[in-house]
Amino acid sequence: MKVRFAPSPTGALHIGGARTALFNWLLARHNGGTLVLRIEDTDRERSTSENVEQILDALRWLELDWDEGPVFQGERADRHHEALTALLQSGHAYRSSATAADVAAYKRLHGAERGFRGEPEQEGAVRLHVPAGGTTVVHDAIRGDTSFEHVHLDDPVIARADGSVLYNFAVAIDDLDAGITHVVRGEDHLSNTPKQLLVLQAAKAAGFGADAPEPTYAHLPLLHGPDGKKLSKRHGAASVQELREAGYLPEAVRNYLALLGWGAGDDATVMSTQELVKRFELERVSRNPARFDETKLRWLDGIHIRELSVSELAGRLLEFLRVADPAAASAAEADRQLLAGAVAISQEKIQTLADFWPLARFFFTGVADDEAARERWLGERGVAVLGDARTELSSAASFDIEAVEAALASVVERHAAKPREVYQPVRVAIAGTTISPGIFESVALLGREETLRRIDTALAG
RNA sequence: GCCGCCAUCGUCUAGGGGACUAGGACGCCGCCCUCUCACGGCGGUAACACGGGUUCGAAUCCCGUUGGCGGUACCA
């Protein structure tokens, strides 16, 4: 089995493209096949090397590795030209100067459902000669058979007047030459498939790759935004890069993307990549388009975060912060032990890597400035309680979580207070805000000295 | 316009003629846990687009309608 992922470098790798890459990767890995990465850069206007780099980067981040390539379509121009010449000479293709307007005129004359047929000329773009009658059937592993009657198909332009080839031609020749056995791509290519099949057959008839297998096709349902429209920036993260910047884990993204259009068949939702590889089957891919819903990704990301070891998570966090917030990264890195402690007590409270710093920064950079929190919890009673808490904490025999809890609990008891009437003032004193990891854990991690200092500062304010 | 694909809870989906008073997950709501925020546990809300067939029987098969999407470029 040989499959390929063939993005065109006209922009960043979008989520839909990432899903296509993932499905190809899963299929190859599940079957012990080969994955070829091909860059379809026949659009010279919009293809850039920056985009190529970005796509490779996104694939690496997703940890989707490939076995061959990247092959650049542009570098295969000679081979394409060779094939084109063969089609021209064998009469499977012809030159025509017909324009889009000519095609429209033809249809007005013969009916809209009638495919355009041009007259061979000496010059002009190259069109493939589509048979007058008959049908091309696409055998799709996901959708079954789809028939396209030739009479409805226009003779497609396969090369520009200058001889440079177009997508539908290059794809067919490249798949043929590479010996691709399974073409797995978005459903937007389904209507292109008969053209590619026709190119394939013509090429074979002209002596090109006569013994190469005709690939099996599989068209994945398209991905849409939450509103059912095309996925775009205004839906939040639309590219892999944005997912990364939002703090998602690549394994969570793989897990979520795999669920968009595919399911194991039982009720499995949370799956490791290893499990995805083991269970993935093309035949189980759905035919309905799916919407990309970030809420579920967030939930899944939280699940995967909780499956990481503390040191692994700390490493990921640092890696994330170095890009997202270098100052935070160096602050966190300065005290590895504090970092490990903060990560351990934050792990079950965060859903993405981006959630960590806002929750735990007070350990590293001091209390936050939240006036509303002070007003609410450090009033007369709050201060009185806080003073008592200070006394208890300073005289506690030890300063581990249990000791801190015992010390603060005694304050609760003495004041006949609700727990929160003691814990919230302490929280605001050490964190500056009303939201933090568990109060006993936080105080213990901060240590006696720093805790007392922060309480004193709060008391003085 | 023409050609094609698709149609189950708000979302992702299970379902391939009787096992369906339609299952799971996210979300949402309620309860429990509880020091905040989360996590976790329990319970609840919510769907077969519509109309015709076929059949003893249809979410499942066929046709039509409607809707969504894609293609229709000397883009990919």
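Values in this document were obtained by computation on a predicted structure and should not be read as measured data. Note on naming: letters A, B, ... go to the chains in the order of the sequence lines (proteins, then strands), and numbering restarts at 1 for each one.
Counting non-hydrogen atoms under 4.0 angstrom, A:Leu260 reaches the backbone sugars and phosphates but no base. A:Thr99 comes within contact range of no nucleotide atom at all, as no heavy-atom separation falls under 4.0 Å. Here A:Pro221 lies out of heavy-atom contact (under 4.0 Å) with every strand. Residue-level contact check: A:Arg284 touches the backbone only, with heavy atoms under 4.0 Å from sugar-phosphate atoms and none from bases. If you check every strand for non-hydrogen atoms under 4.0 Å, A:Thr269 touches sugar and phosphate atoms only. Base contact: A:Thr434 has a heavy atom under 4.0 Å from a base atom. Base engagement by A:Phe440 is indicated by at least one non-hydrogen atom pair under 4.0 Å involving a base atom. At a threshold of 4.0 angstrom between heavy atoms, the contacts of A:Gly186 with the nucleic acid are absent.
Note on A:Arg76 versus A:Asp177: salt bridge recorded, some NZ/NE/NH1/NH2 to OD/OE distance being below 4.0 Å. A salt bridge between A:Arg381 and A:Glu421 is present, with a side-chain N of the basic residue lying under 4.0 Å from a carboxylate O of the acidic one. Ion pairing between a basic and an acidic side chain is recognised when a charged N comes within 4.0 Å of a carboxylate O; A:Glu119 and A:Arg127 show no such pairing. Using a 4.0 Å cut-off between a side-chain N of Lys or Arg and a carboxylate O of Asp or Glu, A:Asp293 and A:Arg298 do not qualify as a salt bridge. Salt-bridge annotation for A:Glu392 and A:Arg414: present, with a side-chain N of the basic residue lying under 4.0 Å from a carboxylate O of the acidic one.
Comparing the same atom, C1', in B:U21 and in B:C48 gives a spacing of 15 Å after rounding to whole Å. Across the C1' atoms, B:A22 and B:A46 are found 12 Å apart, a figure rounded to whole Å. As rounded to the nearest Å, B:A19 and B:G57 have P atoms that lie 15 Å from one another. B:A14 and B:A25 have their C1' atoms separated by 11 Å, with the value rounded to a whole Å. Atom name C1', nucleotides B:A59 and B:G18: the rounded distance is 13 Å, in whole Å. Between B:U34 and B:G24, the distance separating the two P atoms is 28 Å to the nearest Å. Comparing B:A7 with B:C12, their P atoms sit 12 Å apart, to the nearest whole Å. Comparing B:G17 with B:U60, their P atoms are spaced 12 Å from each other, to the whole Å.
Searching all strands for a Watson-Crick or G-U wobble partner of B:G1 with both distances below 3.5 Å returns B:U72. Across all strands shown, B:C39 forms no Watson-Crick or G-U wobble pair with both key distances under 3.5 Å.
Between A:Phe440 and A:Tyr423, the distance separating the two ring centers is shorter than 6.0 angstrom. In this structure, A:Trp262 has its ring center at least 6.0 angstrom away from the ring center of A:Phe23. Aromatic pair A:Tyr167/A:His189: centroids less than 6.0 angstrom apart.
For A:Asp267, whose side chain is taken as the heavy atoms from C-beta onward, the closest listed nucleotide among B:C74, B:C26, B:G24 is B:G24. Ranking B:G24, B:C12, B:G40 by closeness to the A:Leu259 side chain, first place goes to B:C12. Comparing B:U13, B:C75, B:U11 against the side chain of A:Arg291 picks out B:U11 as the nearest. Comparing B:G4, B:C39, B:C35 by their nearest atom to the side chain of A:Tyr423 picks out B:C35.
Remark on RNA chain B: of its neighbouring residues A:Thr146 and A:Pro437, the 5'-side contact belongs to A:Thr146, judged by nearest-heavy-atom nucleotide.
Separating the CG atom of A:Leu220 from the C1' atom of B:C69 is a distance of 15 Å, rounded to the nearest angstrom. The nearest whole Å value for the distance from the CE atom in A:Met271 to the C1' atom in B:A14 is 13 Å. Following rounding to the nearest Å, A:His150 (NE2) and B:C2 (P) show an atom-to-atom distance of 21 Å. Atom C1' of nucleotide B:C35 and atom CD1 of A:Ile345 are separated by 13 Å, given to the nearest angstrom. Here B:A76 presents its P atom at 14 Å from CD1 of A:Ile55, a figure rounded to the nearest Å. When rounded to the nearest whole Å, the span between CG of A:Leu109 and C1' of B:G1 equals 16 Å. Between the C1' atom of B:C39 and the CD atom of A:Glu307 lies a distance of 14 Å, rounded to the nearest Å. Going from atom CZ of A:Arg374 over to atom P of B:U36 covers 22 Å, rounded to whole Å.
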Are there any protein N/O atoms within less than 3.5 Å of an N/O atom in nucleotides 70-73 of chain B, and if so, which ones and at what distance?
| unit_1 | atom_1 | unit_2 | atom_2 | d |
| --- | --- | --- | --- | --- |
| B:G70 | O2' | A:Asp188 | O | 3.3 |
| B:G70 | N2 | A:Ser191 | OG | 3.2 |

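With a 4.5 Å cut-off on side-chain heavy atoms, A:Thr433 and A:Val428 do not count as touching.
At a cut-off of 3.5 angstrom, counting only N and O atoms as typed in the model, there is a donor on one side and an acceptor on the other between the side-chain of A:Lys349 and the base of B:C37.
With A:Asp154 as reference, A:Lys107 is the one residue of A:Arg117, A:Lys107, A:Arg114 to meet the salt bridge (Lys or Arg N to Asp or Glu O under 4.0 Å) rule.
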